[in-house]
Amino acid sequence: MIKVAGAAGMVAGTAKEASIQGKLKDIDSWIRNRLRHCIWHDWKRPERKRKNLIRLGVPKGQAYAWSRTRKGGWAVAQSPMLITTVTGKRLVRRGYESLLDYYKKVAPQLNEPLYTRPVGSVNETVSLIFLMAFLMLRL
């Protein structure tokens, strides 16, 4: 019975690895929004915001309108104003590395498909075979 629980734990471990990637994506999007908010807040004055938006490629009239918005910093960070100008590529060029990319770099063995991983020990192999035989007997 213990061996069956061990094999079930292996399957549960793969589900944890899959869910961590989704969580890292969510955290990354929040961090990118927070960085945009900090950039918008750092620009402070409307004239400086306008100049920086023009430098980022926004047309002059639109930059003027966006720089005078009455939205708060968090709302601006999630709006097309900064999403289209302060992109993920620009953040990467400035030194921001996403958590998911870092996770994939640090733990490459976790990103391989399960069938290519070497089995850890003989006990895991035996427990997996036992689990498969048990499931086939139930059918």
Which atom pairs, donor and acceptor, lie under 3.5 Å between side-chain atoms of residues 69-80 and protein residues at least two apart or in another chain?
{"unit_1": "Thr69", "atom_1": "OG1", "unit_2": "Lys71", "atom_2": "N", "d": "3.2"}
{"unit_1": "Ser79", "atom_1": "OG", "unit_2": "Val76", "atom_2": "O", "d": "2.8"}
{"unit_1": "Ser79", "atom_1": "OG", "unit_2": "Met81", "atom_2": "N", "d": "3.4"}

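- Ile83 and Trp40 sit in two unconnected hydrophobic clusters of ILVMFWY residues. Membership requires side-chain heavy atoms under 4.5 Å apart, directly or through other members.
- To the nearest 0.5 Å, the span separating CD1 on Ile20 from CD1 on Ile27 amounts to 7.0 Å.
- Counting only residues at least two apart or in different chains, side-chain hydrogen bond (donor to acceptor under 3.5 Å, both in side chains) contacts with residues 43-65 comprise Glu47-Arg50, Asn52-Arg55.
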Using distance only, find each side-chain donor-acceptor pair of residues 88-96 under 3.5 Å and give its atom names and separation, not counting sequence neighbours.
{"unit_1": "Arg90", "atom_1": "NH1", "unit_2": "Thr85", "atom_2": "O", "d": "2.4"}
{"unit_1": "Tyr96", "atom_1": "OH", "unit_2": "Asp28", "atom_2": "OD1", "d": "2.9"}

* Asked: Are Leu99 and Ile31 close enough, and set up right, to give a side chain to side chain contact (heavy atoms under 4.5 Å, CB included), and what steps lead you there?
  -> CA-CA 10 Å; Leu99 295 176; Ile31 290 174; 4.0 Å; yes

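- Remark: Asn33 pairs with Arg36 by the side chain to side chain donor-acceptor pair (under 3.5 Å) rule, at least two apart or across chains.
- Taking hydrophobic clusters as Ile, Leu, Val, Met, Phe, Trp and Tyr residues chained together by side-chain heavy-atom distances below 4.5 Å, Ile39 shares a cluster with Leu56.
- Remark: Ser67 pairs with no residue by the side chain to side chain donor-acceptor pair (under 3.5 Å) rule, at least two apart or across chains.
- Looking at Ser29, its side chain does come within 3.5 Å of a backbone N or O of Asp26 through a donor-acceptor pair.
- Put simply, CZ on Arg32 and OG1 on Thr87 are 10.0 Å apart, with the number rounded to the nearest 0.5 Å.
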